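Structure first, commentary second.
Letters A, B, ... mirror the listed sequences (proteins, then strands); counts begin at 1. The model shown is predicted, which means the values in this text are computed figures rather than measured ones.
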Amino acid sequence: MAKNLLIVESPAKAKTIEGYLGKDFLVKSSYGHIRDLVKTDDAIDIENNFEQKYEVPSDKKAVVSELKKLAKNAETVWLASDEDREGEAISWHLFETLSLKDDKTKRIVFHEITKPAIMRAIEEPRKIDYNLVNAQQARRVLDRLVGFELSPVLWKKVKPSLSAGRVQSVAVRLIVEREREINKFTAEASFKIVAQFTPGNGREQFKAELPQRFEQKSDAETFLRDSIQASFAVSSLEKRPGKRSPAAPFTTSTLQQEASRKLSFSVARTMQVAQRLYEAGHITYMRTDSVNLSDTAIQAAQQEIVNAYGENYYKQRRYKTKSAGAQEAHEAIRPTYFSHHTVEGDPAERRLYELIWKRAIASQMSEAEFEKTTAKISVSTRREELVATGEVMRFDGFLKVYMESTDEESDNTNEQNGDNTLLPPLNKDQSLTLKAMNATERFSRPPARYTEASLVKKLEELGIGRPSTYAPTISTIQNRGYVVKEDRDGRERQFVVLQIVDNKVVEETKTETTGAERAKMFPTDIGVLVNDFLVEHFHDIIDYNFTAKVEKEFDEIAQGGKEWTMMLKDFYEPFHQGIQDTLEHADRASHERQLGTDPATGKPVSVRVGRFGPLVQIGSADDEEKPRFASLRKGQMIETITFDEAMDLFKLPKKVGLFEDKEMTVAIGRFGPYIRHASAFYSLPKGMDPMDVTEQDAIQIIQEKRQKDREKVIRVFEENPDAQIENGRWGPFIRFGKQNVKIPKGTDINKITYEDVLKWAEADPKGKAKAAAKAATAKKATKKTTSTKSKK
DNA sequence: CAGTGAGCGAGCTTCCGCTTGACTT
């Protein structure tokens, strides 16, 4: 039995450290927190100084009992959880739960997993810092009180099973308010002048722009007309050096942003892939808010840069964190070995690793140097001057390996005043020949919708949430139905282009698509409804500064300057009063809105949130005739739907004809427009308007789909036509009635017997359960029973 | 992947932050 038991939070970390410490140390992991508040309402005794009731959750029982046994036999137990509020609390929970003895327990901390750092930590043990533990308790209790008192108010006043919390409710609020800004926004048009010049003698052309824009078309037209007769000359020429510096190495949040922009990963995907890289020992810990690199890492990076690119590409840099509330228990995210430019693994792992490698290496490289040339061009008939710029890279520096992208870059801008544009050699007062000039109508743009990653960025700026919770928070607000991440089509917009052709100004109207979105966060009606309710009744809690305010108080507790139960008391009393007042006085929220009167029947038309989501209703409940209902579609919201759009919803489903003696119906479902025929569904091809589908179209779509399905089938079993081998998205699998059966690796498809199918289907209890659930929901749907159980 | 949308009411839901598996048509 080892003399020393050292406990860290992560098993991968434990493995590394064990290698550094040798035989006298057994290094184990707690797998994060080992205790949590009980799930019931009596977890916190408010009357009794917020005393907490903790339990070891079932999935942690095994870990705890093992640690307990090992701790009993160890001479000394070293608590080496992270050096932050949560880490200190983990040590305390371990101390309590494992019944450790004060004189046999030592608390140590380190910020980097290197041998010297750990040896140094062991030389400097300390005691558990109870101020820090109290700060964590205050945080934990406050979050529980907020979440478990606010959520039930929503169940009562809005809809069951909803949730609210210090973090998620602010995340939803950001998205709701951004959507409103976009709705409110009106685009303003202006005309931008762009010209092409040549210095003459067939030398190359270059582009120049007018810095100011014209709001009126007539003014732009006048400028073009004036330019026809004008002479042009270089009025000034300026050369200026410029520099660009590399970005800091990745934190969780910046990694999520870059992986989103450059690799199109969701934040959850980024974290999954990073976790695999971490477990394989390729990168340092991926949940961090620190931009700091260890001294050993800086040296390793130096060596790699000097070897690969030369001395002049190296520049040592130390970065400071900008984000509020950073706790910096770890290093920045970096490769463990800078000499590994890539790693083995699936394509996602390789791409993410290379991104991390480049960013970390670049962070220790020298600036890129540019020379920027600006030429002003006079127009003899006007006071304004055109401007041409060119940029030449003199030294690439860190750009040799890494270029950070920006959010704007992914927008569909058709203006390309890019960086590495060259100007031909020019002299002051040189006259220029105009080759072309146009004025293009451009529109101002509304604020950008959030992506998952830009929402994380915003939350981090506000100090809300932690690296370990960004991805789960983004998932929660989607799972609750408050927001959706989706693509939406843009709409067509016309714009005017004026051009000089044969010494005349010619006008042309063009069309472009605007407002198309890919994988952006949109609020749902229920999200808007809940947000407005919370803003009205609990303004303080979902204020953007609430977290910052309480964090300041947690810090004071951690410093020993404030008593944690006093802080909670000051918060809880008014908060709880607000809960009671709201329960008693607030109206039920439904967001009902009157749209007008149906011209055909004279009945009122309204929209509201119903039991199954947002709906339009014609007629009222207390009318003799039953009201008619229709669900809103993707992209439509109670707040913004117009009367005409609402009435259009009643035009579908629509019968379009007969095929094989059965009716074909066109409707719009959750996944877009489809044709229903017999009991099967057929999606409409993208871009086809469901209102325009003819009988012929529908028959063709059905036949094409059937043909495609036939092509997917590789083999059918004679014994049972419900069993067949199909080509799926990830290779062949067996469709066995309602159950999908996996084919074991290395199996020859042609040699599978029906007995194999039965055997494999039987051996997969989860697949069977799923199939049963599928069958049950299908039956329920046909029986028209209504269950309040949510799907999944 | 439709349509559905009352009212009654038992018993349920819910927070944030620290971890990793098990999961994947």
Q) Under the criteria of a ring-centre distance below 5.5 Å and an interplanar angle below 30°, is A:Y31 stacked with the base of B:dT19? A) no
**Q.** Residues forming a ring-ring contact (aromatic ring centres under 6.0 Å, His included) with A:Y31, sequence neighbours excluded
**A.** none
Q: Decide yes or no, distance alone: a donor-acceptor N/O pair under 3.5 angstrom between the base of B:dC18 and the side-chain of A:R287.
A: no
Q: Give A:Q136 one of three labels, base, sugar-phosphate or nothing, depending on what nucleic acid heavy atoms sit under 4.0 Å from its own.
A: nothing
Q) Nearest nucleotide by nearest heavy atom, which residue falls closer to the 5' end of DNA chain B, A:Y285 or A:R480? A) A:R480
Q: Identify whether any heavy atom of A:V167 sits under 4.0 Å from a base atom; if not, whether one sits that close to sugar-phosphate; answer base, sugar-phosphate or nothing.
A: sugar-phosphate
Q: Assign A:G165 to base, sugar-phosphate, or nothing according to its heavy-atom contacts below 4.0 angstrom with the strands shown.
A: sugar-phosphate
Q: Give A:S163 one of three labels, base, sugar-phosphate or nothing, depending on what nucleic acid heavy atoms sit under 4.0 Å from its own.
A: sugar-phosphate
Q. Salt bridge or not for A:D555 and A:K552, using N-O below 4.0 Å?
A. no
Q.
Using a heavy-atom cut-off of 4.0 Å across all strands, would you classify A:L162 as base, sugar-phosphate, or nothing?
A. sugar-phosphate
Q. A:W92 ring centre to A:R35 NZ or CZ under 6.0 Å, with the angle to the axis within 45°?
A. yes
Q) Which of the following nucleotides, B:dT14, B:dT13, B:dC18, is nearest to the side chain of A:P160? A) B:dT13
Q: Using atom NE2 of A:H330 as one end and atom C1' of B:dT19 as the other, report the distance to the nearest whole Å.
A: 11 Å
Q | Distance below 4.0 Å between A:S468 side-chain N/O and B:dC18 OP1 or OP2 | A | yes
Q. Which whole-number value in Å describes the distance from A:R633 CZ to B:dC1 P?
A. 17 Å
Q: Run the salt-bridge test on A:D540 and A:K549 with the 4.0 Å N-O cut-off and return the result as yes or no.
A: no
Q. Does a side-chain N or O from A:R166 land closer than 4.0 Å to OP1 or OP2 of B:dG17, or not?
A. yes
Q | For atom CZ of A:F629 and atom P of B:dG3, their distance in whole Å | A | 13 Å
Q.
Can you see if the side chain of A:Q617 gets near the phosphate of B:dG5 - specifically, an N or O under 4.0 Å from OP1 or OP2?
A. no
Q) Which one, B:dT4, B:dG21, B:dT13, comes nearest to the side chain of A:S631? A) B:dT4
Q: Find which nucleotide of DNA chain B each of A:L145 and A:Q272 is nearest to by heavy atoms, and output the residue with the more 5' nucleotide.
A: A:L145
Q: For residues 138-162 of chain A, pull every pair meeting salt bridge (Lys or Arg N to Asp or Glu O under 4.0 Å), keeping only residues two or more places apart or in separate chains.
A: A:D36-A:R140, A:E86-A:R139, A:R139-A:D143, A:D143-A:R166
Q) Under the 3.5 Å rule, do the base of B:dC1 and the side chain of A:R676 count as making a donor-acceptor pair? A) no
Q | Bracket notation of DNA chain B in which parentheses pair within the strand, [ ] cross earlier pairs, and | pairs with another strand (Watson-Crick or G-U, under 3.5 Å) | A | .........................
Q) Just how far, in rounded Å, is P of B:dT20 from CG of A:L67? A) 14 Å
Q) To the nearest Å, how far apart are A:K655 NZ and B:dA2 P? A) 17 Å
Q: Quick one: list whatever passes ring-ring contact (aromatic ring centres under 6.0 Å, His included) with A:Y278, sequence neighbours left out.
A: A:Y285
(Q) Please give me the minimum heavy-atom distance between A:V273 and A:F265, naming the atom from each residue. (A) CG2-CE2, 4.4 Å
Q | Mutual orientation of the aromatic rings belonging to A:H93 and A:Y54 [parallel < 30°, tilted 30-60°, perpendicular > 60°] | A | perpendicular
Q. NA contact type, A:G87, heavy-atom cut-off 4.0 Å: base, sugar-phosphate, or nothing?
A. nothing
Q | Stacking of A:W155 on B:dT13 base (centres under 5.5 Å, planes under 30°) | A | yes
Q | Interatomic distance, A:L632 CG vs B:dT4 P [rounded to whole Å] | A | 16 Å
(Q) From C-beta outward on A:R144, which listed nucleotide comes closest to its side chain: B:dT13, B:dT19, B:dC15? (A) B:dC15
Q: Select base, sugar-phosphate, or nothing to describe what A:T665 touches, counting heavy atoms under 4.0 Å on all strands.
A: nothing
Q: Classify the nucleic acid contact of A:P472 as base, sugar-phosphate or nothing, counting any heavy atom under 4.0 Å across all strands shown.
A: nothing
Q: Would you mind classifying the nucleic acid contact of A:Y278 as base, sugar-phosphate or nothing, using non-hydrogen atoms under 4.0 angstrom?
A: sugar-phosphate
Q. A:I618 has an atom CD1; how far is it from atom C1' of B:dG5, in whole Å?
A. 14 Å
(Q) Tell me whether the side-chain N/O atoms of A:S151 come closer than 4.0 Å to OP1 or OP2 in B:dT13. (A) no
**Q.** With sequence neighbours excluded, residues passing side chain to side chain contact (heavy atoms under 4.5 Å, CB included) with A:S58
**A.** none
Q: Classify the nucleic acid contact of A:A164 as base, sugar-phosphate or nothing, counting any heavy atom under 4.0 Å across all strands shown.
A: sugar-phosphate
Q.
Taking only the C1' atom of each, what is the distance from B:dG9 to B:dT13 in whole angstrom?
A. 16 Å
(Q) Does A:E149 reach a base, just sugar-phosphate, or nothing at all? Heavy atoms under 4.0 Å. (A) nothing
Q: Determine the contact category for A:P653: base if any of its heavy atoms lies under 4.0 Å from a base atom, sugar-phosphate if only primed atoms, P, OP1 or OP2 are that close, otherwise nothing.
A: sugar-phosphate
**Q.** Residue list, side chain to side chain contact (heavy atoms under 4.5 Å, CB included) with A:R706, at least two apart or on another chain
**A.** A:F659, A:E660, A:H677, A:Y682, A:I702, A:R710
Q: Quickly work out the A:D41 CG to B:dC12 C1' distance and round it to whole Å.
A: 12 Å
(Q) So A:D59, base contact, sugar-phosphate only, or nothing? Heavy-atom distance under 4.0 Å. (A) nothing
